[in-house]
Amino acid sequence: MVESDQKHGVYETIMIESKVREGTFHKVIKDVESGKAVSCSCKCWSKGNKPCVGMRTVGYE
């Protein structure tokens, strides 16, 4: 049996459909331990560091 110090499954990706653009999805990264969103693939987050609707839906700190 091999033991590892690495933690697996700390983050989870959640797909949330955009309310503005039909057929477009936000890929929200959620911290499994806290249950809060930590990142998103959308322009609001990646360019402006502002939480989007998808992040607020999941919960954002």
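All figures in this text were calculated on a predicted structure; none of them were measured in a lab.
- For Thr57, the side-chain contact (heavy atoms from CB on, under 4.5 Å) partners two or more places apart in sequence, or in a different chain, are Ile16, Val53.
- A ring-ring contact (aromatic ring centres under 6.0 Å, His included) check over residues 27-61, counting only residues at least two apart or in different chains, returns the pairs Trp45-Tyr60.
- Considering CE of Met55 and SG of Cys42, their distance stands at 7.5 Å, rounded to 0.5 Å.
- When every heavy atom of Ala37 is checked against every heavy atom of Val28, the shortest pair comes out as CB-CG1, 3.7 Å.
- Residues Ile29 and Val38 form a side-chain contact, since some pair of their non-hydrogen atoms from C-beta on lies under 4.5 Å apart.
- For the side-chain contact (heavy atoms from CB on, under 4.5 Å) test, residues two or more places apart in sequence or in another chain that qualify with Lys36 are Ser34, Glu61.
- For residues 20-30, the set of pairs meeting the salt bridge (charged side-chain N to carboxylate O under 4.0 Å, His left out) definition, not counting sequence neighbours, comprises Glu12-Lys30.
- Expressed to the nearest 0.5 Å, how far OH of Tyr11 lies from OG of Ser39 amounts to 10.0 Å.
- Counting side-chain heavy-atom gaps under 4.5 Å among Ile, Leu, Val, Met, Phe, Trp and Tyr, Val20 is found in no cluster with other residues.
- Looking at every heavy atom in both residues, His26 comes nearest to Cys40 through ND1-SG, 3.5 Å.
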